[in-house]
Amino acid sequence: VSTQSTWDIQKTMAQLGELILLIGDFHIPHRCIDLPESFKELLVPSRMQYVLCTGNIGNKETKEWLETLAASKNSTFFVAGDCDEFPDTPESKVVKIGDFTIGLIHGHQAIPWGDMEALAAVQRELGCDILVSGHTHVNKITSYDGKYFLNPGSVTGAYTPLAKETIPSFMLMAVQGSQAVVYVYEIVDGKQKVVQTQFAKSGTEVIKKEDKKVEEKPEEKAPAVKPEPEAKSIDPEEDQKGSDEEKQLYKLSSDLILLSLKEKK
């Protein structure tokens, strides 16, 4: 990475704001031995301002590794999963980052599991703009009643009876004020894939730049909740026809990781 590229990346990172890792459902070593090697190469210490973990980590070593990824140990937040055995781990956590209040739970508390109205009830209880949860092992970004619900999936792609198929995934979220950009990292058919979503605190829609449908509208039978704003999906290849600024934004997280690895050598 050239000096000019380094400067451009750092400038763009400063424009985007604080970088947050959303990750969880490791199940190490009970269901998986370790993270995919390509994910381990990407996630290097002290490159995130915050780490939010949805739980079900597994062993102590993985938890300690997670604590090295944020700028400081105090910026790493865990919640208890239904399979975790770490004492004194809270069931939920609320943190303020930028203009967003972010709630964090594992997700097994919201029944039926993965149900939008059940998750919305937790969101209202925590009083958050964004609710981050796991448990289903399927990554998903949803706008519901003016709030946002992020599920980073299982970083190891661990088995769950809740899904026919699981793929390894995690999320990086950049927050600046009331604006957020989320990068979803997946391994599909042995190849790493990065897709992007961006939204605003006062926004009414989610724009997800990917080539598969992962968003669901809330069921009409939930009378207490307004219908979800229409979600729009954008094919990443089609999106590459956008402005140079949009292309740079889309590539930001990958470039930052490459820069981090270069500086490590």
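- When only modelled atom types and interatomic distance are considered, Gln109 and Glu91 share a side-chain donor-acceptor pair under 3.5 Å.
- In terms of hydrophobic clustering, with Ile, Leu, Val, Met, Phe, Trp and Tyr side chains grouped at heavy-atom distances under 4.5 Å, Val138 and Leu22 are assigned to different clusters.
- Between the His27 side chain and the Gly58 main chain, no donor and acceptor come within less than 3.5 Å of each other.
- Considering only heavy atoms from C-beta on, Ile105 comes within 4.5 Å of Ser92 through its side chain.
- Annotation: side chain of Leu131 is not in contact with side chain of Leu150 (no heavy-atom distance under 4.5 Å).
- Minimum interatomic distance between Gly98 and Val175 (heavy atoms only, all atoms of both residues): CA-CG1, 4.0 Å.
- Closest heavy-atom contact between Val94 and Thr101: CG1-CG2, 3.4 Å.
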Which pairs of donor and acceptor atoms, one on a side chain in residues 70-78, lie under 3.5 Å apart (sequence neighbours left out)?
unit_1 : atom_1 : unit_2 : atom_2 : d
Ser72  : OG     : Ser75  : OG     : 3.1

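- Outside the 6.0 Å centre-distance limit, the rings of Tyr185 and Phe39 are not counted as a close aromatic pair.
- Nearest heavy-atom pair across Ala158 and Phe26 is CB-O, 4.1 Å.
- No donor-acceptor contact under 3.5 angstrom links the side chains of Asp25 and Thr156, judged on distance only.
- Interatomic distance, CE of Met173 versus CD of Gln49, reported as 12.0 Å (0.5 Å rounding).
- More than 12 non-hydrogen atoms from other residues, nucleotides or ligands lie less than 6.0 angstrom from NZ of Lys63.
- Atom NE2 of residue His30 and atom CG of residue Asn56 lie 10.0 Å apart, to the nearest 0.5 angstrom.
- Residues passing the salt bridge (Lys or Arg N to Asp or Glu O under 4.0 Å) test with Asp82: none are found, sequence neighbours excluded.
- The minimum heavy-atom distance linking Thr54 with Gly24 is given by the pair OG1-CA, 3.3 Å.
- Val122 approaches Ala110 most closely through the heavy-atom pair CG2-CB, 4.4 Å.
- To the nearest 0.5 Å, atom CG of residue Leu104 and atom CG of residue Leu52 are 5.5 Å apart.
- With salt bridges taken as basic N to acidic carboxylate O contacts below 4.0 Å, none links Lys191 and Glu186.
- Pairing each heavy atom of Gln192 with each of Ser38, the nearest pair is OE1-OG, 3.3 Å.
- A salt bridge is absent between Asp99 and Lys201: the closest approach of a Lys/Arg side-chain nitrogen to an acidic carboxylate oxygen does not fall below 4.0 angstrom.
- Note: the hydrophobic cluster containing Ile23 does not contain Tyr159 (ILVMFWY, side chain heavy atoms under 4.5 Å, direct or indirect links).
- Between Tyr144 and Phe149, the two ring planes are perpendicular [angle over 60°; tilted spans 30° to 60°].
- Side-chain contact of His106 with His135: a donor-acceptor pair under 3.5 Å is present, judged by distance alone.
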